[in-house]
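Encoded as structure tokens, the structure appears first; notes follow it.
Chain A is the first sequence line, chain B the second, and so forth, proteins listed ahead of strands; every chain is numbered from 1.
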Amino acid sequence: MLDLRYVVAHADEIAHNVAHRHVAADVPGLVAAAEARSTALVRLEEVRRVANVVARQTGKPTLDAMALHAAVPEFLRSDLGMADPAEVRPTDRPWLVQVGKALKAMEPALAAEVDRLQAAIESRARQLPNLTHPDVPRGASDEDHRVLREVGVRRDFATEGFAPLDHVQLAEKLGLIDFEAGAKVAGQKFYFLQRELVLLDLALQRFAIDLLVQRGFTPMVTPDLARPDILEGIGFNPRGSETQVYSVAGHDLCLVGTAEITIGGMLADTILEAEQLPIRIAGISHCFRTEAGAAGRESRGLYRVHQFTKVEMFVFCQGDLAQSEAHHAELVAIEEELFTALEVPYRVLDICAGDLGAPAYRKFDLEAWMPGRGAWGEITSTSNCTDFQARRLQIRARPEPGAKPKLVHTLNGTAIALSRGLIAVLENHQQADGSIAMPKALRPYLPFDRIGPRHT
RNA sequence: GGAGAGGUGGCCGAGAGGCUGAAGGCGGCGGUUUGCUAAACCGUUAUAGAGGGUAAACCUUUAUCAGGGGUUCGAAUCCCCUCCUCUCCGCCA
């Protein structure tokens, strides 16, 4: 969520940003509603103020006729029978009660008007995405992302003398994934990991966690469910037909799509001290996604599934762009270090404005080369959300001891997703004999250095 | 799932229709005293919003005692609903 006062004061800039991001939002309507609300609110507060004065006077008179008359603004006097000071009876209890009743009767309509305008403001404000980093490329399609660099060497399978298989074929041959059983118990896009792949999955988690702990992250295993207001604070929409989020029937809970939700939520409504920051967390969770509207798209194998495990990085830092951008650069660097160590060729993308998602100020994706598809595929994503999430969640920090709290900046990034990360490792390390060599970096975590080959 | 006890300011803890945004204490901040520390004493110390003020200061004001609704001229206090926390029992990994 953006700062409403900023939006009203910079309506043109916001309108440009909305267009840049290819988002539909009614900025003029928002500004008009904000101004109308301000007027209505002043009126409502005046009525309440007078009601308080009259109630106090009824209980224990302290004002004379002139003072009581003076306490009532012009626009209310005739309605209250106080047009002239002579009509004011400051010690006449029944009279005061009548005045109090008259004031009370006015309140609901005024309050309803304020509420109506407030709702109009909020529904429009919710459509607004975060501001955008000036270097973010324009556009809204996959071709509009900027390729920042390409790292690692893609294997030349022709020279090696065999045609690479995709991970589904590899897993089939080696008995590593059972998609049919997954479909039987839970439906399409669920699966059982089996045999060595389970150990590889755990090894990748440990590998990522160990590296992150070295970098000063606190490891955590986080809840897989969260309340809807936490989801909304992070920028997810738990309701509606297009939602990516599963809700639990009979409970006010949702299955999380990422540990970003719970880690961000854990500090909701908190004021942090300067020395507590930055807080850097490495969270392990399961991730659940409905993939509504994604039917048929890149749906083979593990690429797009309803459930996977993920090691997520999350950072809370002071609400200062220089600091959050430095953390953002570090998150990308860590992602690159992980996949370099896993000997997976990748490229880094600066995601274009139209594809950022509402909370992100800037987003970098890593795409791994996936020989089985003969294409790049997204494996990680890291976003600087500046104060967009912190504002709704009310996460603040004092810039220095005793100073007024300021909204923090939040950042998130994938260390490794145990679905696409598995694809990248399996496909890039397949051998001519049908086995899969394990990257050296994982050897300390595995009781074998290759999976297969299997001869049946 | 069953039973009970609770939710008041940064924390503890009073308050049981009207000068209560809330006693008292702790903690924090400022000051006096002091060779330094400590102690003592004095003062001060919620958040969000609105209006005014060029602005910082400041002034006025609204709301907030878990949340929502109700009674009343007036609610932290009375009534209803919801949520949350804790304890015990059951079940379970």
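- Distances shown here put a side-chain N or O of A:S38 below 4.0 Å from the OP1 or OP2 atom of B:G51.
- Protein atom CG of A:L41 is 11 Å distant from nucleotide atom C1' of B:U61, rounded to whole Å.
- Within a 6.0 Å radius of CD in A:E172, no more than 12 heavy atoms belonging to other residues, nucleotides or ligands are found.
- For A:M1 and B:A48, the CE to C1' distance is 13 Å, given to the nearest whole Å.
- Residue A:R227 has a polar side-chain atom (N or O) positioned under 4.0 Å from OP1 or OP2 of B:C84.
- A:Q318 contributes no side-chain N or O that, together with a main-chain N or O of A:L277, makes up a donor-acceptor pair within less than 3.5 Å.
- The aromatic rings of A:H10 and A:Y6 lie parallel to each other, their planes meeting at an angle below 30°, with 60° marking the opposite boundary.
- Annotation: cation-pi geometry satisfied between A:R420 and A:Y303 (NZ/CZ under 6.0 angstrom from ring centroid, within 45° of ring axis).
- If you check every strand for non-hydrogen atoms under 4.0 Å, A:G59 touches a base.
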Tell me, with the steps shown, if A:D201 and A:T309 meet side-chain hydrogen bond (donor to acceptor under 3.5 Å, both in side chains). CA-CA 9 Å; A:D201 176 307; A:T309 304; 4.9 Å; no
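- For an aromatic pair to be called close, the ring centres must be under 6.0 Å apart, and A:F364 with A:H328 satisfies this.
- With hydrogens and angles ignored, no donor-acceptor pair under 3.5 angstrom links the side chain of A:R48 to the base of B:G49.
- In this structure, the CG atom of A:L253 is 13 Å from the C1' atom of B:C83, given to the nearest Å.
- Rounded to an integer number of Å, the gap from CD of A:E122 to P of B:G49 is 14 Å.
- Nucleic acid contact class of A:V42 (heavy atoms, under 4.0 Å, all strands): sugar-phosphate only.
- Ring geometry for A:Y361 versus A:H133: interplanar angle over 60°, hence perpendicular rather than tilted (30 to 60°).
- Backbone-only engagement by A:K101 is indicated by non-hydrogen atom pairs under 4.0 Å involving sugar-phosphate atoms exclusively.
- Checking the phosphate oxygens (OP1, OP2) of B:A48, a side-chain nitrogen or oxygen of A:R396 falls inside 4.0 Å.
- A:R5 comes within 4.0 angstrom of sugar-phosphate atoms only, judged by non-hydrogen atoms across all strands, and of no base.
- Residue A:N52 places none of its side-chain N or O atoms closer than 4.0 Å to OP1 or OP2 of B:U61.
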Go ahead and write out RNA chain B as dot-bracket, 5' to 3': ( ) for pairs within the strand, [ ] for ones crossing earlier pairs, | when the partner sits on another strand, dots for unpaired; Watson-Crick or G-U wobble, both distances under 3.5 Å. ((((((((.[[[..)..(.....]]]((((((.......))))))(((((((.....))))))).[[[[[..)....]]]]])))))))....
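- Considering only the side chain of A:K104, B:U72 comes nearest among B:G18, B:U72, B:G49.
- One can find a donor-acceptor pair under 3.5 Å joining the base of B:G49 and the side-chain atoms of A:E45.
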